[in-house]
Amino acid sequence: MFDSIKGVAGAVGSVLMAIPAASRVSNDVQQGRNPSEQDLFILGIRDNFHQ
């Protein structure tokens, strides 16, 4: 039971930690800029912008 609670808490924490990076990437793309490599890494997105 506690393992499943830990898993859910970990997943929620991961999502909450990714929100700022997702916001920055979205803003960069909307403004026509390349998103930062670090933000893409945090989101687990393969970096096709900096090739």
**Student:** Report the residues that fulfil side-chain contact (heavy atoms from CB on, under 4.5 Å) with Leu16, sequence neighbours left out, ordered by chain and then residue number.
**Tutor:**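 For Leu16, the residues satisfying side-chain contact (heavy atoms from CB on, under 4.5 Å) (neighbours in sequence not counted) are Val12, Ile19.
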**Student:** In the hydrophobic cluster built from side-chain contacts under 4.5 Å, what are the other members alongside Met17?
**Tutor:** none
**Student:** Give me the other members of the hydrophobic cluster that Phe41 sits in, counting Ile, Leu, Val, Met, Phe, Trp and Tyr linked by side-chain heavy atoms under 4.5 Å, directly or via other members.
**Tutor:**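 When side chains under 4.5 Å apart are linked, Phe41 ends up in no cluster with other residues.
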**Student:** Where is the tightest heavy-atom contact between Ala18 and Ile42, given as atom of each residue plus distance?
**Tutor:**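 So the minimum-distance heavy-atom pair works out to CA-CG2, 4.5 Å.
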**Student:** Ignoring hydrogens and geometry, is there a side-chain-to-backbone donor-acceptor pair from Ser14 to Gly10 under 3.5 Å?
**Tutor:** yes
**Student:** Applying side chain to side chain donor-acceptor pair (under 3.5 Å), name anything that partners Asn27, two or more places apart in sequence or on another chain.
**Tutor:**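 Counting only residues at least two positions away or on another chain, Asn27 forms no side chain to side chain donor-acceptor pair (under 3.5 Å).
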**Student:** With sequence neighbours excluded, what pairs up with Val15 under the side-chain contact (heavy atoms from CB on, under 4.5 Å) test?
**Tutor:**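 Per chain and number, Val15 pairs via side-chain contact (heavy atoms from CB on, under 4.5 Å) with no residue.
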**Student:** Nearest heavy-atom pair of Val29 and Pro35: which atoms, and what distance?
**Tutor:**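 Minimum heavy-atom separation between Val29 and Pro35: CG2-CG, 4.1 Å.
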**Student:** Sort and list the pairs that fulfil salt bridge (charged side-chain N to carboxylate O under 4.0 Å, His left out) and have at least one residue in residues 20-31, not counting sequence neighbours.
**Tutor:**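 Applying salt bridge (charged side-chain N to carboxylate O under 4.0 Å, His left out) to every pair that reaches into residues 20-31, excluding sequence neighbours, yields Arg24-Asp39, Asp28-Arg33.
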**Student:** Just grab all the salt bridge (charged side-chain N to carboxylate O under 4.0 Å, His left out) pairs involving residues 12-22, residues at least two apart or on different chains.
**Tutor:** none
